[in-house]
2 protein chains.
Amino acid sequence: MSAPTTACCAPIAREPLAEAEAAELAVLLKAVADPVRLRLLSMIGSHAGGEACVCDLTDAFELTAPTISHHLKVLRTAGLIDCERRGTWVYYWIVPAVVNRLGALFAPLAEPAPASGGPVDIELTTV
Amino acid sequence: MSAPTTACCAPIAREPLAEAEAAELAVLLKAVADPVRLRLLSMIGSHAGGEACVCDLTDAFELTAPTISHHLKVLRTAGLIDCERRGTWVYYWIVPAVVNRLGALFAPLAEPAPASGGPVDIELTTV
DNA sequence: GCACTACTTAGACAAGCTTCGAAACACGAG
DNA sequence: CTCGTGTTTCGAAGCTTGTCTAAGTAGTGC
């Protein structure tokens, strides 16, 4: 059905990443490559109104407040979330554009090569 | 494992990730959260036939062979790639199903929160 | 002003990661 | 069998990261 010619596939599988671009993306990926930060991002994104107070987040973990604050800072430095102080509390929300960048990297990978135990069938796509 | 019948919103922003799931995904993300491994994955995926020999990969970096081998092992342990020895050379290829899991996590994140509540009040003061 | 709560910053420590050189393993050629 | 090439494993050095305690900043209320 589909030609294994990676014509419409994820950027990552279409052409080799440039060194600089890989470094830039790695920073973004490092930010989410942690169970706590992954859950934080998820909690913020799925919270009512699209934003969450730090106190809500802290209660969900068995970690100290400074540790949560540190993880939030990592996410914010990477650009994945942003925050604002509103009175006593600080609220965080997701920056969709940056998160989408990660999705675009891996998302449109074509259906798996059914050849289990072997690489993509290298049958010549008749051109 | 679940079929990627994701409707519209990214799982990560739809409901809070469970602790176990976050840990599992973090392992996958840690594997790709490195410039070298990101480029390796990209080079393997975009190589002719969908597979690449280690010698091809080693030449593209200013790193020693053991280092490249180490990174390939990390990717393979995570399940992102698989390999096979064919005579003298070892060939690697991407496992699309696992890569797709990452894409499904972030990909379909909708555009910024609509007016139905949310941090919309704040003006776009991008810092 | 003073006390209290919410959150962040600073400093320190253990654990893990990236990289290397040296050595071991796997295979084909002679 | 022995040699040479391709690839992985082993052991170690240097840097980064996750977590904590202690202290600092920002706001509310008496």
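D:dT8 atom P lies 12 Å from atom CG of B:Leu75, rounded to whole Å. Put simply, NE2 on B:His70 is 6 Å from C1' on C:dT18, counting in whole angstrom units. With rounding to whole Å, A:Arg85 atom CZ is found 5 Å from D:dG27 atom P. Between the NZ atom of B:Lys73 and the C1' atom of D:dT9 there is a distance of 7 Å, rounded to whole Å. Atom CH2 in B:Trp89 sits roughly 14 Å away from atom P in D:dT8 (whole-Å rounding). In this entry the distance linking NE2 of B:His71 with P of C:dT19 reads 4 Å, nearest Å. To the nearest angstrom, C1' of D:dG6 lies 13 Å from CG of B:Leu72. Taking atom CD1 of B:Ile81 as the reference point, atom C1' of D:dT8 lies 14 Å away to the nearest angstrom.
With D:dT7, C:dT9, C:dC7 as the candidates, the nucleotide lying closest to the side chain of A:Cys55 is C:dC7. Minimum atom distance to the side chain of A:Ser69 is reached by C:dT8, of the listed D:dT8, C:dT8, D:dC20. Minimum atom distance to the side chain of A:Val90 is reached by C:dT8, of the listed C:dT8, C:dT19, C:dT18. You'll find that the side chain of A:Thr67 is closest to D:dC20, out of D:dG18, D:dT8, D:dC20. Closest approach to the B:Thr64 side chain among D:dG18, C:dA6, C:dG21 is made by C:dG21 (side chain taken as heavy atoms from C-beta onward).
Residue contacts for B:Leu63: at a heavy-atom cut-off of 4.0 Å it reaches the sugar-phosphate backbone alone, with no base atom in range.
Between B:Ile94 and the choices B:Asp82, B:Val99, B:Leu80, the side-chain contact (heavy atoms from CB on, under 4.5 Å) rule is met once, by B:Val99.
Between B:Ser42 and A:Leu17, the shortest heavy-atom contact is OG-N, 2.9 Å.
The residue among A:Thr88 and B:Asp56 whose nearest nucleotide of DNA chain D lies closer to the 5′ end is B:Asp56. Place A:Tyr92 and A:Lys30 on DNA chain C by their nearest nucleotides, and A:Tyr92 ends up nearer the 5' end. If you find the closest nucleotide of DNA chain D to B:Arg76 and to A:Pro66, the one lying nearer the 5' end belongs to B:Arg76.
Here the OG-CG distance, from B:Ser69 to B:Leu63, works out to 12.5 Å after rounding to the nearest 0.5 Å. Taken from CG in B:Leu29 to NZ in A:Lys30, the straight-line distance is 12.0 Å, to the nearest 0.5 Å.
Taking the centre and axis of the six-membered ring of A:Phe61, the NZ or CZ atom of A:Arg39 falls inside the cone set by 45° and 6.0 Å.
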